[in-house]
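To start, the structure itself, in structure tokens.
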Amino acid sequence: MFEFEFMRHAFLGCTLVSVLAGTVGWFLSLRRQAFAAHALSHIGFSGAAGAVWLGVSPLFGMIAFSLLAGLAIGSEGEGRGKIPPQRDSTIGLVLAASLGLGTWFLHEANGASSMATTLLFGDVLGIDTPTLFILAGVTALCLLGLVFLGRPLLFSSLTPEVARARGVPVRLTSLGFMAVAALACSACAEVSGALLAFSLMIGPAATALRLGLCPAMGLLVSVLLALVLSWGGLMLSWITDIPIPFWIGLGAGIFYGLANLWTRLRTN
Amino acid sequence: MASPDNLVLENITLCAGQTRVLNQVSLTVPLEGITLLSGRNGAGKSTVLRACLDLVRPEKGQILIDGLPPGMACERIGYMPQGLSDAALMIPAISHVMAAMDGARWGVPVRFGQRKREAERLLALTGALSFSKRPLGHLSGGERQRVCLAQALAGQPGLLLLDEPLAALDHDAQQQIVALLVSLTQTLGVSILMTSHETAALEGKVTRVLALENGELHVRI
Ligand SMILES: Nc1ncnc2c1ncn2[C@@H]1O[C@H](COP(=O)(O)OP(=O)(O)OP(=O)(O)O)[C@@H](O)[C@H]1O
Ligand SMILES: [Mg+2]
């Protein structure tokens, strides 16, 4: 299957996106922001719809919109120690508002419904060289951001109140991380579509967390699982002709189930 | 590790929501040894500790810890909040302590091995080493409290602010923790400002008592 250029591109794209999804997704799951991952990619969809209407590249619309939404989500208030109580509702409201906008954009850009399908379900076999470069750039940028934010982000995810007491700028860290997450979600949506972008972010990460690993191991396992999922999904969809999001979603569920079983057997 | 000498409150008015916790209080207290902040439920003990950490700002007045405003003194203060956090319960206990050691710095973590040994030392000190590899969520309340205490000790603080460190501990564990706190003050010269309703366990161990009542703060020896 590697004799075709689009397959080589697809594998490269999947590799980049998996590294990104594995790391960003691990932090998102750790911070119980799985809903944010879901919301950001859908918000990206609205942005892409807007871009189609304006006649610019959907990827840019996606990035711009989810960045804005990421900042809105990240600027949540601080609760007393625990996870901010309004986190879920903030995300939900930002999501609702931007999906509303997205519907309007799609309506204005009428006749673009095939575009909408592509945005929703992704087009991993249609990744051209410029897109690959953009994906590589976004991945590098996000990883750099994570490396920079890493320690304060981990500290404030583990114990927000103590981190704040030690002088960690918790809100700034949270904002920075949501910007990274927004970029990452746009990149993932490019491959697996807005509907399932978060499956690659949350599936491997949730599995790694379920295993109770330390942060370094958890991140590693999360990336490896994401790679197995996306490469495996690509090969299986080549063989079976069933779209790749199906295999990724199924695989994510199976991995999590296995991790669950393993942890239970080990503790009994 | 020079321990902070004193806590200065200059005409402080401090509120939590609608409740006025401190009403124009001016006070200078030396902090050597163990200082117990006492008061009934809802008197505002936690809020006073949080104000000392710049987690809440007073309406009026100024707090100085060892001559510095709270925001600038925070690197030398270890903090243990009241109650159990519900964040990141699937991460091993030891990682929680390690994250606190260099969590305030940007960039990649360095000296992993050294930090791990230091974390293990702190966990051994608080009697939490035997369960340090288990996820935090799989520990009992008292076990988690020991992990939190180890976390507060990360970074060799000169002052510890402990909010109810004895709650949820059985009688023996209370004695152990109190003994540990006393030995910390004696061997390392650490000062401790803590809240607790377990006055029996602290009998004879406390240097000073700060009584918080109706917006006023009084020193009792
Ligand atoms: N975020 C908040 N919003 C509104 N009121 C608050 C808030 N936090 C605390 N309070 C109120 O401020 C008062 C002091 O609270 P605080 O937690 O400091 O009491 P405490 O002395 O630590 O009590 P306890 O012994 O139960 O721990 C309480 O009456 C509480 O209801
Ligand atoms: Mg309290």
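The chains referred to below are lettered A, B, ... by the order of the sequence lines, with proteins before strands, and numbering in each begins at 1. Predicted, not measured: the structure shown is a model, and the values here were computed from it.
Summarising the local packing, CD of B:Gln62 is surrounded by more than 12 heavy atoms from other residues, nucleotides or ligands at distances under 6.0 Å. Within 6.0 Å of atom CZ in A:Phe60, 12 or fewer heavy atoms from other residues, nucleotides or ligands are found, so the atom counts as exposed in its surroundings. More than 12 heavy atoms of other residues, nucleotides or ligands sit less than 6.0 Å from atom CD of B:Glu10.
The candidate with the highest count of non-hydrogen atom pairs below 4.5 Å against chain B, out of A:Ala163, A:Cys214, A:Gly150, A:Gly218, is A:Cys214. The most heavy-atom pairs under 4.5 Å with chain B, out of A:Leu209, A:Leu149, A:Leu146, A:Leu154, come from A:Leu209. Note: B:Gly107 leads B:Ala73, B:Gly107, B:Ala99, B:Ser95 in heavy-atom pairs under 4.5 Å with chain A.
A:Leu30 CG to B:Met90 CE: the interatomic distance, rounded to the nearest 0.5 Å, is 6.0 Å. Rounding to the nearest 0.5 Å places NE2 of B:His96 at 5.0 Å from CG of A:Leu158.
Along residues 118-150 of chain B, the residues that come nearer than 4.5 angstrom to chain A, judged on non-hydrogen atoms, are B:Pro135 in order of number. Within residues 13-25 of chain A, no residue has any heavy atom less than 4.5 Å from a heavy atom of chain B.
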Going through the distances and angles, do A:Thr173 and B:Trp106 end up as a side-chain contact (heavy atoms from CB on, under 4.5 Å)?
-> CA-CA 10 Å; A:Thr173 311; B:Trp106 307 102; 4.0 Å; yes
Verify side-chain contact (heavy atoms from CB on, under 4.5 Å) between B:Met101 and A:Phe155, making sure each step is shown before the conclusion.
-> CA-CA 9 Å; B:Met101 288 172 147; A:Phe155 191 13; over 6 Å; no
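Using a 4.5 Å heavy-atom cutoff, the side chains of B:Cys74 and A:Arg166 are not in contact. Looking only at side-chain heavy atoms (C-beta outward), B:Arg50 and A:Arg164 come within less than 4.5 Å of each other.
For A:Ala165, the parts lying near chain B are the backbone and the side chain together; criterion is any non-hydrogen pair under 4.5 Å.
Taking all atoms of both residues into account, the shortest heavy-atom contact from A:Leu213 to B:Ile91 is O-CD1, 3.9 Å.
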